[in-house]
Each structure stands twice: as C-alpha cells, then as structure tokens.
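To find a chain, count down the sequence lines: A is the first, B the second, and so on, and within it residues start at 1. Hydrogens, waters and symmetry mates are skipped; everything else that's a heavy atom, side chains included, is used.
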Amino acid sequence: MIRFALLPLILVLSACDGVWVGYGGYDPYYYDYGFRHGIYDVHHDIDVDINRPDRPRPPPGAKPERPRPPAARPERPRPLPGHRPSRPPRRMR
Amino acid sequence: MLDCVKHCLVALAVLAVTGGIVQAKDVSVTYETQGRAIFTFAAPDNWQVLTGFEVLPSDLQGGETPAPRIVSLFPLEGDRVMWSGLWSPTTIGRLDELEDYLALLAPQLLSDVRVTFRDERLINGRESRIVSGTGTKDGRDLDFALVAIQVRSDRVAMAAFIGQPEIYDRYEGELIGIMNSIRAVESQ
C-alpha cells in the first residue's frame with residue numbers, strides 16, 4: 001500500500017531529475033560564465049584560471065559555478081571571411 | 001494511509017525548497033550594488049534570475065575598483081543559445097564614455113563584431129543609447145542588442161542580449177519588455 005502511495009512522488013522526482021539533467025541539451029551556465037567573465041575582464045586585470053589557461057580568474061572571494069562545455073555538435077561548413085547572411089537590425093522597438 | 005499522505009506532502013515540500021531554481025513571476029527586481037540601489041527592472045514570467053555576486057572594496061588591494069554585480073536572466077523553456085544580463089559598470093558613469101567602454105567590452109564577448117544599428121532615445125524619461133549587431137562565439141553566428149541608460153548622474157544601467165537570431169525573435173517581446181521596464185531608483 002505504501003509503495004503505491006509513494007509512486008506519484010517517485011514519478012515526480014524522476015521527471016524533475018530528467019528535466020534538470022537534460023535541459024534541452026544546452027547548458028545555459030556555460031554561456032553565462034563566459035559572458036560574465038568577459039564583462040569582468042573590462043573592469044579588472046584578471047589572471048588566468050588554474051583550470052583553463054584561457055579563462056579569466058573571478059574577482060577575489062567569488063566562487064562562480066564551474067562551466068561545462070556545450071554539447072558536441074556536427075561540423076558545418078564555415079562561411080567565407082566577410083560573408084554573413086544579412087539580417088534585419090535589432091531595433092529594440 | 002494518512003501517514004503516507006503526510007510523508008508525500010513533506011517530501012514535496014522539501015523538493016520545492018531545495019529545487020535550486022528561482023522562477024521570476026512578474027516581479028520587479030532591484031539592482032543593488034555596494035549597498036546602493038541603482039535601478040529596477042521587471043523579470044518576465046517563467047524566467048530564471050541569477051543574481052551573480054559582487055566583491056567588497058575591502059577585499060581588493062590598492063584601492064582597485066570592484067567589478068560590477070551582473071544579473072543574468074534566462075527563459076526556462078527550450079533548447080537555446082542565449083544570454084541576457086543587466087549590470088551597472090563601475091568604470092564609466094556617463095553615456096559619453098559608452099563608446100570607449102564598448103570598444104573594450106565587445107571583443108571580450110564576441111568575435112567579428114559588427115554593429116548594424118544605433119539609436120538614442122528616452123526610456124522612462126532617461127537618456128539612453130541602443131546598439132545592436134552581430135558577432136560569433138564558438139563558431140556560432142549570434143545577434144546582440146545592448147541598451148545603456150543614464151539612471152543617475154554618475155551611473156549607467158546596461159542591459160544586454162546575446163544569442164541566436166531565432167531566439168531573439170522568439171523572445172523579442174520579453175527582451176524589449178525588460179529594457180522598457182528599467183527605471184532609475186531615486187536617490188535615498
């Protein structure tokens with residue numbers, strides 16, 4: 001009886017775990033880390049990170065979450081230098 | 001049976017508390033740094049808000065200027081490459097200095113940056129500048145849009161979006177809503 005009563009809870013927990021780990025195959029924290037530290041770079045002369053030589057070190061006392069690389073994706077042909085599909089400008093209106 | 005239901009409710013309550021995700025629900029967020037409230041903005045429904053962190057001047061050596069707190073916003077749904085964030089730079093205080101700031105900032109965020117649009121306008125009565133364009137990161141073509149608002153005589157509020165063009169299209173309403181919701185906090 002108790003097992004059946006707990007079944008909905010188990011299903012909910014399983015679903016939550018799947019959503020969190022899957023997250024659509026994209027890790028938003030990877031870009032969050034990169035763009036945040038790009039902005040920090042403008043405000044600080046920051047040393048390199050011990051984990052990745054090309055990563056800036058966060059300001060003293062800060063412990064940001066460690067980024068994970070984005071999911072691997074197939075190679076695609078690169079456009080010629082200077083070529084980019086034209087798109088309408090973002091007018092923010 | 002009653003005990004079992006109680007156990008389920010307790011477990012769900014623990015899950016809700018420890019879930020780790022804070023969902024914004026039509027809330028007004030106050031951007032505060034170094035003990036000063038600078039501006040407010042509205043976080044869209046079902047977007048995650050990351051408050052970032054900041055460093056106290058006492059933790060730095062030699063009177064170094066602390067980096068600003070950066071607040072990030074993400075929609076919780078979907079598979080997307082995007083980032084949006086708000087901050088108030090500590091190295092510039094006037095819109096006149098924006099071009100120099102962007103010249104330093106842009107290469108830190110994207111490669112092959114091209115500005116395709118510039119505008120000046122008033123947002124909630126404050127002088128503002130809009131810059132948008134394209135760039136690349138990790139081999140992806142991305143769009144960016146950035147707004148700078150003079151929220152105080154000595155502080156500028158920045159709001160930025162960087163992401164895939166189709167993601168900008170999908171969330172354009174929310175992004176413009178965030179921009180138009182930025183309001184200066186009057187001096188206390």
Contacts of type ring pair (Phe, Tyr, Trp, His ring centres under 6.0 Å), residue F144(B), not counting sequence neighbours: none
Heavy-atom side-chain proximity of I39(A) to L109(B) below 4.5 angstrom: yes
When I176(B), L175(B), I130(B), T90(B) are compared by non-hydrogen pairs under 4.5 Å with chain A, the top option: I176(B)
Test salt bridge (Lys or Arg N to Asp or Glu O under 4.0 Å) applied to R155(B) - qualifying residues, sequence neighbours left out: none
Non-hydrogen atoms of Y40(A) and P68(B) that approach each other most closely: CE2-O, 3.5 Å
side-chain contact (heavy atoms from CB on, under 4.5 Å) partners of R129(B), counting only residues at least two apart: L95(B), D96(B), L98(B), E120(B), E127(B)
Interchain contact, R118(B) with chain A, by part (heavy-atom threshold 4.5 Å): neither
Part of D119(B) lying under 4.5 Å from any heavy atom of chain A: side chain
Close side-chain approach of Q108(B) to V42(A), heavy-atom, < 4.5 Å: yes
Best-contacting candidate, T91(B), V147(B), D143(B), against chain A by heavy atom pairs under 4.5 angstrom: D143(B)
Y31(A) vs I162(B), side-chain contact (heavy atoms from CB on, under 4.5 Å): CA-CA, chis, key distance, verdict: CA-CA 9 Å; Y31(A) 285 92; I162(B) 304 172; over 6 Å; no
Donor-acceptor under 3.5 Å (R90(A) side chain, P165(B) main chain): yes
F35(A) ring center within less than 6.0 Å of F161(B) ring center: no
Residues of residues 100-107 of chain B with any heavy atom under 4.5 Å of a heavy atom in chain A: Y101(B), L104(B), L105(B)
Spacing of CZ belonging to F53(B) relative to CZ belonging to R36(A), to within rounding of 0.5 Å: 6.5 Å
Stepwise side chain to side chain donor-acceptor pair (under 3.5 Å) test for S132(B) and R91(A): CA-CA 7 Å; S132(B) 66; R91(A) 298 181 179 279; over 6 Å; no
Minimum side-chain heavy-atom gap Y30(A)-D138(B) below 4.5 Å: yes
